[in-house]
Amino acid sequence: MSLALNLKKYCSWEQILRNVASPMTGSPMAEFNGNPDSLFFNDGKRRIDFVLVYEDESKHASEKKGSQRRREFFEGSLMNLGVELEAAQSVMDEKLVYVKVHVPFEVLCTYAEVLHIKLPIQPNDLAQQSSTYNCFTRHFYPSEDVIAKEPDFFTAPFRKDQLKCFYVKDREQFFTPAVRSRMAYYILSRAPYDVKGSMKKFGISKLLDGGVYKAAYPLHDSRFNVKSKEPGCPNERFLLYNEWAHPKSFYKMQPLDLIRKYFGEKIGIYFAWLGFYTVMLTLAAAVGLGCFIYGYTTRESSTWSKEVCDPQIGGEIIMCPQCDKICPYWRLNTTCESSKRLCVFDNYGTLVFAIFMSVWVTLFLEFWKRYQAELEHDWDTVEFLQQEEQPRPEYEAKCIYERVNPVTQEKEKVPHTACGKCMRVSCGISTVLFWVLLIIASVVGVIVYRLAMFITFSAKLRSDLKYSKELEPFKEYVTPQMATSITSSIISFIIIMILNNVYEKVAIWITDFELPRTKTEYENSLTLKMFLFQFVNYYSSCFYIAFFKGKVVGYPGKPVYWFGAFRNEECDPGGCLTELTTQLSIIMTGKAVWNNIQEVLLPWVKNLIFRHCTQVGSEKVIPRWEQDYQLQPIGKLGLFYEYLEMVIQFGFVTLFVASFPLAPLLALFNNLCEIRVDAWKFTTQSRRVVPEKAQDIGAWQPILQGVAILAAIIAFTSDMIPRLVYYWAFSVSPYSDGSEHTMTGFINSSLSIFYIDHFNNESRPTVDTPYWYRDFRNPPGHPNQYEYSIHYWHVIAAKLAFMIVVEHIVYFTKFILSYMIPDVPEALKEQIKRERYLTQVILHETNIKHFKELMKPVADNLLDDIEEPELDLKL
């Protein structure tokens with residue numbers, strides 16, 4: 001039901017607007033009672049559900065009176081809606097006024113029905129099903145003596161006319177503080193602050209954007225490091241800090257039920273997902289570490305590394321210049337150290353690890369869906385999406401057109417026509433595509449930088465190292481490829497960060513312009529726009545190195561040029577994997593450092609500066625609402641950047657794991673810190689967020705599934721496949737004289753020879769010597785000289801075959817898991833059905849009992865009427 005239909009039997013917007021046509025002049029002012037831990041009005045009875053903060057215009061004569069008029073209108077609207085207000089002057093800054101908001105029980109009941117809030121009707125006496133995941137982790141949970149287990153109830157959507165059916169032991173405790181704050185924010189979001197003719201303006205968000213109010217937030221229940229002295233205070237914030245956010249609790253599992261109770265299901269499901277992802281990473285990290293150790297211990301004994309370093313093999317192979325005219329010839333054994341480093345990351349274990357990660361990502365997604373189903377049941381959100389979500393205030397405010405609702409067949413207001421909606425969506429898509437093209441243009445710019453700087457480094461770096469004694473030890477490590485790779489990676493990271501900050505504002509503007517109807521639609525639309533941009537932004541340079549660099553370079557006599565001026569860059573003789581590892585390391589490390597600066601350092605510094613600027617004498621007692629005002633607000637995007645950080649990391653772990661087996665281990669360490677950092681931020685540095693309902697992780701679920709599908713392309717990032725092709729096919733007859741499979745001779749087979757007579761004038765070097773280049777091409781004199789050889793097509797076929805095999809393994813694993821392990825356990829399905837049945841029975845019996853109580857006086861009167869005539873007859 002829409003808001004208007006739900007409120008029809010209580011009030012209508014027309015009545016509200018008539019009532020606020022002459023609004024009250026504002027909330028009554030009250031002196032602070034001196035209790036710093038108080039969560040109530042001065043009377044000690046009415047609980048503070050929300051706090052509004054504004055700056056008193058009387059302290060600034062030049063201040064426009066429009067803000068005061070809107071504020072008084074808004075507060076009058078709230079009081080006419082039944083909300084109670086109490087204002088208090090700031091203790092620390094006399095210019096600030098804090099308006100405390102209390103929603104009475106009757107009003108809470110009204111909006112609990114509007115929002116379909118499920119509330120307890122009877123304690124649940126059924127035996128709880130033990131989760132498989134919890135069996136392994138229950139020993140690491142905080143003690144139940146510290147954080148008591150949450151009681152379980154049968155619940156049902158609240159109805160005001162059936163109040164007696166619900167489990168109301170105490171009217172003040174019936175609605176939890178989180179639920180009260182949620183309903184208070186719903187009222188604040190829809191209370192009007194201005195009416196001009198038939199047009200009404202409403203919502204606290206607009207008032208905050210316009211500077212009418214400086215802040216609006218629910219209260220924390222205590223200080224994070226000191227227990228509240230208020231009688232009956234649960235001190236949940238204090239418990240969360242000590243048992244969850246404090247560094248000493250790093251080994252403990254998260255108290256998800258308490259997180260959900262204090263912050264709401266939306267934040268609870270985020271931390272549940274992050275914790276589950278971190279636990280699953282332990283297996284991937286262990287296998288990746290094993291793969292790295294294997295590569296490190298076998299790097300000296302690797303056949304292809306030995307051939308590169310051997311003076312009789314690599315020392316005799318003279319490689320082609322890597323740029324035109326000015327670049328010198330070089331011997332293959334000069335890349336000895338880089339070849340050994342490559343063997344650490346690219347070895348036989350890499351392919352096994354790549355296949356393992358393809359299976360791991362499927363296991364992760366399937367087991368998460370199963371765990372998520374258990375959370376939906378435990379947190380009572382199973383039927384959340386089946387209830388109609390209320391429209392956003394911004395959507396309702398612009399509803400000026402009429403249409404017939406296809407479901408109810410009744411007329412309803414919409415903000416735009418079908419043509420207008422199409423225009424808005426088209427504008428949004430065009431803007432997103434423009435920014436994606438802008439990212440691609442920036443990547444092309446970085447590529448051009450790489451090409452230009454490689455020529456410079458090739459000409460200058462080797463001569464500088466050769467004639468400088470101080471730099472002599474670095475000669476084997478500092479190559480033109482390495483210098484180009486590191487500098488371009490840093491530049492790429494800086495461009496990523498700059499474009500991120502600009503595009504965030506653009507994406508929010510586009511989504512606001514599209515006017516999604518509900519908050520879920522708004523968040524999903526914004527998430528898809530932001531992730532598409534971030535995906536291209538973060539992964540484009542890595543995709544270029546993994547799949548394009550060194551693939552279309554031509555050959556020395558006919559190289560490929562960018563813009564007709566810059567010769568396309570080539571990979572090292574060992575491949576581009578080392579460079580991809582460098583790129584991933586810089587981006588992952590830089591991103592982690594930058595995110596921690598934003599999440600930890602900046603809020604801490606801002607809070608420190610704010611406290612210093614508003615410092616008062618130690619003799620003054622600061623109330624709870626003023627302490628919370630000093631904290632940082634949660635941004636409009638909420639958890640978006642928390643999810644984005646993890647999903648981008650998930651992509652690095654799965655898409656490019658063949659080039660960096662340590663990625664899962666680094667991700668594991670990062671996530672162990674991330675959980676505590678986010679917990680510390682929410683409990684100590686941020687104002688309490690408005691609790692929100694959520695059933696799952698939203699649009700991030702299909703995004704993760706899409707990334708998992710792309711994980712099958714990892715075959716093209718590994719150079720182990722060409723080596724395996726040589727081992728099984730080209731090391732024996734008919735392609736070789738050998739009779740046993742061996743890796744000996746692989747280096748020669750992976751290089752092609754070029755005659756100097758076939759140079760063109762533009763690319764001819766100054767020294768005439770035959771040389772080799774990295775490619776699978778026919779030699780000079782062959783009928784198809786310099787064309788791709790049969791070896792090349794064998795390698796391409798093997799890579800495609802490997803990709804298809806991995807893809808089928810992923811889908812087969814997913815099919816088997818879906819069949820053997822359903823998303824919702826059978827025992828849980830039965831328990832859900834049982835609870836639904838018992839809930840219906842309880843409600844039915846309660847209704848019958850209530851009906852009997854109502855009919856009892858009528859039945860007694862009827863009996864009296866029947867008995868009196870009989871009495872007269874006897875007389």
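These numbers come from a predicted model, not from an experiment. Every heavy atom of this structure was used, including side-chain atoms; hydrogens, water molecules and symmetry mates were not.
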Look up atom CG in L662 and atom CZ in F669, then write down how far apart they are to the nearest 0.5 Å. 10.0 Å
Go through the steps for E645 and N670 under the test side chain to side chain contact (heavy atoms under 4.5 Å, CB included), then give the verdict. CA-CA 11 Å; E645 180 183 355; N670 176 78; 4.3 Å; yes
Going by atom types alone, do D257 and W379 pair a side-chain donor with an acceptor below 3.5 Å? yes
Could you tell me if the side chain of E300 sits less than 4.5 Å from the side chain of C343, heavy atoms only? no
Ring centers of Y348, Y294 separated by less than 6.0 Å: no
Apply the test side chain to side chain contact (heavy atoms under 4.5 Å, CB included) to residues R774 and V553: give CA-CA distance (whole Å), side-chain angles for both, the deciding distance (0.1 Å), then the verdict. CA-CA 10 Å; R774 186 178 185 269; V553 296; over 6 Å; no
Could you tell me the separation between the CZ atom of R370 and the CD atom of E366, rounded to the nearest 0.5 Å? 10.5 Å
Are F364 and F650, when compared by the centres of their aromatic rings, separated by less than 6.0 Å? yes
Modelled atom types, side-chain donor and acceptor of W244 and Q254, under 3.5 Å: yes
Can you see which heavy atom on V707 is nearest to which on L655, and at what distance? O-CD2, 3.8 Å
Is a donor from one side chain sitting under 3.5 angstrom from an acceptor on the other, for Q649 and Y277? yes
Under the 3.5 angstrom rule, does the side chain of S686 hit a backbone N or O of K681 as a donor-acceptor pair? yes
Once you round to the nearest 0.5 Å, how far does OG of S749 lie from CZ of R723? 11.0 Å
Under 3.5 Å, is there a donor-acceptor pair between the side chain of S339 and the main chain of T335? no
Go through the side-chain N and O atoms of Q372 and W273 and say whether any donor and acceptor fall under 3.5 Å apart. no
If you round to the nearest 0.5 Å, how far is CG of N524 from NZ of K529? 10.5 Å
Identify whether NZ of Lys or CZ of Arg in R237 sits under 6.0 Å from the centre of the six-membered ring of Y241 and within 45° of that ring's axis. no
Could you tell me the separation between the CG atom of L644 and the CD atom of Q534, rounded to the nearest 0.5 Å? 4.5 Å
Is the shortest heavy-atom distance from the side chain of I697 to the side chain of W368 under 4.5 Å? yes
Quick one, E265 and L375 - any side-chain contact, counting heavy atoms below 4.5 Å? no
Under 3.5 Å, is there a donor-acceptor pair between the side chain of E307 and the main chain of I747? yes
Give the minimum heavy-atom separation between A285 and L668, together with the two atoms involved. CB-CD2, 4.0 Å
Measure the acute angle between the ring planes of F543 and F535, then classify it against the limits of 30° and 60° as parallel, tilted or perpendicular. tilted
I want to check something: taking the side chain as every heavy atom from C-beta on, are L499 and S442 in contact at a cut-off of under 4.5 Å? yes
With side chain to side chain contact (heavy atoms under 4.5 Å, CB included) as the test, would you mind laying out the steps for F271 and R260 before giving the verdict? CA-CA 9 Å; F271 280 105; R260 169 250 181 174; over 6 Å; no
On a heavy-atom basis, the closest approach of W680 and A245 is N-CB, 3.6 Å
Any non-hydrogen side-chain atom of I703 less than 4.5 Å from a side-chain atom of T527? yes
Which atom pair, heavy atoms only, marks the closest approach of L672 to R676? O-CG, 3.6 Å
In terms of heavy-atom contacts, W728 and H741 come closest through O-CE1, 3.3 Å
Take F652 and Y539 through the test ring-ring contact (aromatic ring centres under 6.0 Å, His included) and record every step on the way to the result. CA-CA 8 Å; F652 284 133; Y539 296 145; 5.1 Å; yes
Quick check against the 3.5 Å criterion: does T362 have a side-chain atom that pairs as donor or acceptor with the backbone of S358? yes
Are the aromatic rings of Y270 and W700 close, with centres under 6.0 Å apart? no
Output yes when a side-chain donor or acceptor of S302 lies under 3.5 Å from a complementary backbone atom of T298, and no otherwise. no
Do you know which two heavy atoms are closest between V446 and I495, and how far apart they sit? CG2-CD1, 3.8 Å
Y726 side chain to T744 backbone, donor-acceptor under 3.5 Å: yes
Would you say that E642 contacts E674 through its side chain, given a criterion of any heavy-atom pair below 4.5 Å between the two side chains? yes
Please tell me if the side chains of L240 and F224 come closer than 4.5 Å, counting only heavy atoms from C-beta onward. no
Donor-acceptor pair, N242 side chain versus F238 backbone, under 3.5 Å? yes
Stepwise side chain to side chain contact (heavy atoms under 4.5 Å, CB included) check, T303 with F746: CA-CA 8 Å; T303 304; F746 169 74; over 6 Å; no
Find the distance between NZ (K340) and NZ (K306) and round it off to the nearest 0.5 Å. 10.5 Å
Hey, does F263 have a side-chain heavy atom less than 4.5 Å from the side chain of T683? yes
Taking it one step at a time, do K369 and E376 satisfy salt bridge (Lys or Arg N to Asp or Glu O under 4.0 Å)? CA-CA 10 Å; K369 287 191 289 186; E376 289 175 13; over 6 Å; no
Short question: side chain of T282, backbone of V279 - any donor-acceptor pair under 3.5 Å? yes
